[in-house]
Amino acid sequence: MDPALSAVRLSVREAVHTLSSEDGGRIFSTLGSLKRYLGQTENPALPGEQEEFARVHFSAFLRCLVSKLSPDWLELLPDGQLEELWASFFLEGPADQAFLVLMESIEGTAGPSFRLMKMAQLLARFLSAGRMAAVLEGQCWQHTESASPLLQEMLLIRVVGLPDRLGNRLQRESLAVFLPQNYFPLLGEEIVRVLQAVVDSLRGGLDCSVSFVSQVLGKACVHGRQKEILGVLVPRLTALTQGSCLWQRVCWRLVERVPDRAMEAVLTGLVEAAPGPEVLSRLLGNLVMNSRKAQFVLTQKLLFLQYRCTTPMLQSLLGYLATDSQRRPLLVQALKELLETWGSSSAVRHTPLPQQRYVSKAVLICLVHLGDAELHDSRDELLASLMAGVKCRLDSSLPPVRRLGMVVAEVASTRIHPEGPPLRFQYEEDELSREMLALATSRPAADGSLETGPSVPPVAADTPDKEPEESDIPQPRPDGSDSELDSDDEFVPYDMSGDQELKSSKAPMYVRDCVEALTTSENWERWEAALRALEGLVFRSPAATREVSVELAKVLLHLEEKTSVAGFEGLRQRALVAVTVTDPARVAKYLTSQFYALNYSLRQRMDILDVLTLAAQELSRPGRLGRAPQRGSPGPASQPSSAVAPTWRAVVEERIRSKTRRFSKGSAGRGPAAGPNEFNSVAGYFFFPLIQHFDRPLVTFDLLGDDQLVLGRLAHTLGALMYLAVNTTVAVPMGKALLEFVWALRFHGDAYVRRGLLSAVSSVLLSVPAERLLADLPDELLEARAWLADVAEKDPDEDCRLLAVKALLLLEKLKDKLLPLSFP
Amino acid sequence: MTMEQESTPSDVPGGDCTPTRMAAPPPPDPQFVLRGTQSAVHALHFCGGAQGQGHPLLLSGSLSGLVHIWSLQTRRAVATLDGHEGQCVTWLQTLPQGHQLLSQGRDLKLCLWDLAEGRNAVVDSVRLESIGFCRGSVLARGHQHWTLAVPGRGSDEANSSPRPLLLAGYEDGSVALWDVSERKVCSRIACHTEPVMALDFDSQKARGVSGSAEKALAVWSLDEQQALQALRTQELTNPGIADVKIRPDRKILATAGWDHRIRVFHWWTMKPLAVLAFHSATVHCVAFATDGLLAAGSRDQRISVWSLYPRT
């Protein structure tokens with residue numbers, strides 16, 4: 001055996017022996033002599049001895065040191081000299097072994113104790129002294145001498161799991177530096193230092209590997225600490241990679257060596273933390289081409305399988321794909337797949353709205369990045385998917401989905417097929433559509449967006465601040481000498497909103513005249529006047545209306561807007577409602593029969609539904625009879641007189657009261673007058689004809705097929721009628737019929753229909769008396785409950801889930817109401 | 001100079017209208033309504049009555065040729081004058097002493113009534129030639145001395161300065177200033193494209209306003225050289241102004257509209273202040289009392305009396 005090596009063993013053994021003694025001075029000198037092997041004294045040992053000590057004896061010696069640690073032992077020498085010396089072995093010796101021993105001893109300590117706290121404080125010193133960089137760095141060189149994978153694995157687990165392990169051991173005593181929100185930024189800083197060392201040694205021609213650092217980074221990200229670690233790492237790397245090829249290559253290598261199972265976490269974190277596509281491109285390089293996993297994550301997983309990326313993230317991601325010519329085919333491919341998804345009718349029906357928005361945004365961003373030539377190459381394919389998507393979106397009964405279709409169709413068609421006639425839709429602008437259009441118009445402004453992005457809002461915020469100031473400054477009057485201007489304030493204008501153009505034509509005075517004017521008149525002013533007057537006339541002369549009610553309803557139902565009359569739809573609808581309210585049985589019978597008749601447009605059928613709902617609402621309104629029929633504003637001219645009336649009436653009543661002597665005062669406030677629900681006697685006319693025929697398709701009208709929008713409206717209407725039939729005798733059979741209707745359609749594919757069904761269930765629960773529900777419909781209730789629970793859990797549409805939860809709550813309430821009855 | 005005058009008034013109402021921080025109050029209701037003329041009201045005139053019966057009177061001329069004298073205290077008609085053979089009374093004016101009334105009718109007669117001490121007899125009458133809309137005008141020039149302008153072929157009234165000047169509105173839409181003593185036109189401007197139906201003049205500010213059958217009011221001024229200058233026009237919602245009057249304190253002006261509405265404007269800025277939609281037929285005439293009360297007569301046979309922006 002090499003005499004030098006046996007000398008090392010001898011001195012270590014001697015030192016260990018000395019440690020057990022009580023003589024402080026001797027221990028101190030022995031330890032001091034042993035420090036020679038760490039190489040940092042003025043009289044270091046031979047390199048061979050140092051290496052031998054580090055390789056064979058260091059860990060064991062440290063363990064021995066740990067085992068000796070106790071208050072008494074430390075006080076063998078004054079002023080903490082011994083403790084300082086003791087600690088220096090951990091802080092100056094080989095970092096990886098020291099770290100492992102530290103962790104091991106901390107974990108090995110049973111409960112809170114002096115030793116545990118000392119060790120934890122030592123570990124904190126270890127971290128703050130930057131020794132973690134040494135631990136990581138040590139692994140960067142070791143690949144040459146076949147680093148033991150077992151050791152690396154142990155180190156990896158402990159480096160990343162340090163906060164958890166310390167937290168477990170120390171419980172509430174844990175130090176601030178061990179908290180994840182502090183530890184991982186520190187780890188990030190250490191990684192930067194290690195990378196700096198790697199870059200330096202590469203410059204010096206030395207070979208080294210960053211794979212251990214990559215593993216640490218990957219594991220930290222897998223543990224969900226992307227924000228903390230990358231929040232430090234990315235800005236530093238962004239600055240360092242600027243203009244340095246070596247740094248860029250190290251950085252690429254770093255990401256490349258991340259194990260596959262951590263790749264997703266790292267990439268998502270990077271995409272999130274990178275301020276723009278330029279930076280992302282610098283950090284990742286052509287990773288997406290080299291690593292299949294990275295390609296899958298970036299082009300599939302983030303785009304199709306998730307929808308949690310924010311819009312800036314999407315822009316970074318797709319911008320990254322667009323920045324390099326090698327990667328652009330991937331972008332084209334992504335656009336194709338995105339549009340395919342966008343155009344799939346199944347996706348439209350089964351994916352939640354936020355995801356559809358996400359895909360739409362991604363499509364628009366792709367379109368911004370792609371050039372005309374690239375689009376031209378795959379135009380047919382893109383157009384086909386686009387058109388399919390537009391079609392099934394326009395078919396949807398949910399307005400946001402339709403609007404999404406319109407926005408994307410407009411933008412995409414102009415880009416994909418620029419020479420064709422531009423698509424134009426009429427849609428109301430909202431937050432989303434504006435955001436989407438802004439996405440489509442913003443050019444891929446490279447790093448410029450970084451600077452301009454944050455600087456724009458302050459500018460915008462400044463201007464409104466300034467404006468009031470300016471307006472506060474009294475504007476110089478054009479003619480200051482005129483003193484009368486000063487008294488201008490006393491002339492406060494009255495409300496002049498009623499000042500409208502006067503219609504010259506005279507309004508008809510009788511209902512029959514209106515019918516005649518509406519059917520035959522070629523005089524459009526008369527026609528319009530008749531339409532405007534109709535509602536008031538109907539309310540004023542119910543008897544005359546009843547004579548012509550069905551005829552009038554027919555005329556109104558078929559009325560077309562031949563001239564541009566402001567508020568035509570509202571006028572027609574109010575008139576129809578008025579007629580229905582005046583003669584409910586016959587008109588409702590007529591309208592419901594027409595709902596399933598041939599040769600009506602969907603618009604007319606939906607009008608019928610709306611009118612029935614509104615009329616039922618009006619009929620069921622309590623205290624309806626007491627009110628004068630002044631509901632439909634009879635025209636601007638007579639408004640003031642109705643405003644005059646209450647004041648004089650109040651005056652007259654006041655006068656009567658002052659002249660009248662009362663002997664006993666009853667309760668002054670009258671409650672709302674109780675009255676029969678007028679809807680009671682006619683609810684059947686409204687409800688049953690509607691619910692009977694929904695499953696019999698006509699040539700022009702197929703509720704269960706394409707006309708699902710009307711079906712949705714029908715479900716909503718039936719629910720509303722059910723709700724309005726509260727406290728009527730017919731409510732129970734209605735509820736039964738409605739639950740059957742719901743049961744038949746419960747798995748309908750359209751979210752709007754399902755919403756209607758759910759609200760119908762709720763209204764059944766609200767309107768049918770609880771005892772009758774339980775007595776007459778127990779099976780239906782059980783079935784409905786199972787269905788509701790299913791919907792509340794699994795339905796892709798958020799509103800559906802919400803409605804289902806509400807209906808379930810109603811069921812629960814019902815149960816609560818019944819329980820006290822059964823157990824008095 | 002002219003440019004400045006044109007631009008400045010238009011700036012003021014624009015600046016005043018936009019910041020409506022408070023909700024505008026609802027349009028006011030009439031103070032009271034006089035019914036009982038049995039026919040459309042075509043002329044109104046307040047009679048101070050300070051020296052007469054001690055309380056103000058309102059005179060109204062109707063389509064049926066009657067002149068009603070209303071007491072504003074009792075709100076009843078105190079007398080009815082019948083002197084126009086059933087033809088519409090288009091203009092009423094008391095002479096400054098308050099006992100004598102001029103009335104112009106469609107029977108082509110201008111009557112002078114003596115109302116003193118409860119009398120109501122026609123003292124004199126003048127034969128007219130015009131069958132148009134035009135009303136007469138009177139300039140008092142001292143005790144027992146008035147100049148009366150009556151239309152020949154179509155015009156309207158008002159005047160100032162030591163030398164008598166007469167403003168006339170014509171059916172071609174122009175307003176002309178006549179020097180009465182020299183019998184010549186001093187100035188003439190075309191304000192409207194439709195016939196001038198009414199005009200009023202504020203002699204203190206040398207500014208006048210005219211209304212016509214079209215959808216706008218015209219404001220014009222008279223400079224020292226006795227030249228008329230158009231200042232601006234005020235657009236209206238509906239066409240047709242039957243009458244326009246400036247309140248005696250020259251703060252506001254009121255118009256009678258064919259659209260059944262009375263419109264009130266700030267006189268200096270022409271800012272719209274109120275649209276009074278009380279009448280159900282064409283408003284034919286408006287009148288202001290010296291205390292600021294506003295009366296309007298309409299074809300719906302009612303006279304509405306309003307108290308707006310009371311004088312302080």
Side-chain angles (χ1 to χ4, degrees), chain A residues 464 466-507 509 525 529 532-533 536 566 633-652, chain B residues 4-20 22-30 33 204-205 215 236-240 249-252 257-261 263-269 271-282 300 304 308-312:
Chain A
K466 279 178 192 164
E467 272 170 354
E469 283 171 27
E470 283 169 0
S471 60
D472 282 348
I473 298 165
Q475 298 201 335
R477 292 285 182 181
D479 196 351
S481 64
D482 200 306
S483 62
E484 293 191 30
L485 283 178
D486 300 345
S487 59
D488 203 28
D489 287 347
E490 62 191 88
F491 296 99
V492 180
Y494 289 99
D495 179 23
M496 283 176 282
S497 56
D499 187 20
Q500 284 150 355
E501 298 226 4
L502 200 68
K503 298 285 182 272
S504 58
S505 177
K506 278 176 74 175
M509 301 296 284
E525 288 199 345
R532 287 189 191 281
S633 59
S638 55
Q639 261 174 348
S641 58
S642 66
V644 172
T647 55
W648 71 253
R649 182 165 293 154
V651 170
V652 169
Chain B
E4 266 180 33
Q5 275 184 336
E6 277 180 341
S7 61
T8 44
S10 64
D11 285 344
V12 175
D16 285 347
C17 287
T18 35
T20 35
M22 302 176 290
D29 296 327
V33 179
Q204 202 160 329
K205 288 193 189 117
K215 276 172 88 165
L236 305 172
T237 315
N238 290 307
D249 66 354
R250 299 182 308 280
K251 296 264 173 136
I252 59 174
W258 293 356
D259 60 352
H260 314 176
R261 288 165 204 159
R263 287 163 199 280
V264 180
F265 298 88
H266 191 257
W267 167 224
W268 184 245
T269 62
K271 177 169 86 170
L273 293 178
V275 177
L276 308 172
F278 168 76
H279 290 287
S280 57
T282 303
D300 64 2
S304 54
L308 299 175
Y309 305 107
R311 298 169 63 176
T312 49

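Every heavy atom of this structure was used, including side-chain atoms; hydrogens, water molecules and symmetry mates were not. Chain letters run A, B, ... following the sequence lines, proteins first, then strands; residues in each count from 1.
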*Where is the tightest heavy-atom contact between A:P493 and B:P272, given as atom of each residue plus distance?*
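That closest heavy-atom pairing would be CB-O, 3.8 Å.
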*Shortest non-hydrogen contact from A:D495 to B:P26?*
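In terms of heavy atoms, the two residues are closest at CB-CA, 4.1 Å.
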*asked:* So which residue, B:V275, B:L236, B:L273, B:I252, ends up with the most heavy-atom pairs under 4.5 Å with chain A?
replied: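 Greatest number of close heavy-atom pairs with chain A: B:L273.
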*Applying side chain to side chain contact (heavy atoms under 4.5 Å, CB included), name anything that partners B:P28, two or more places apart in sequence or on another chain.*
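Only A:Y494, B:L276, B:L308 meet the side chain to side chain contact (heavy atoms under 4.5 Å, CB included) criterion with B:P28.
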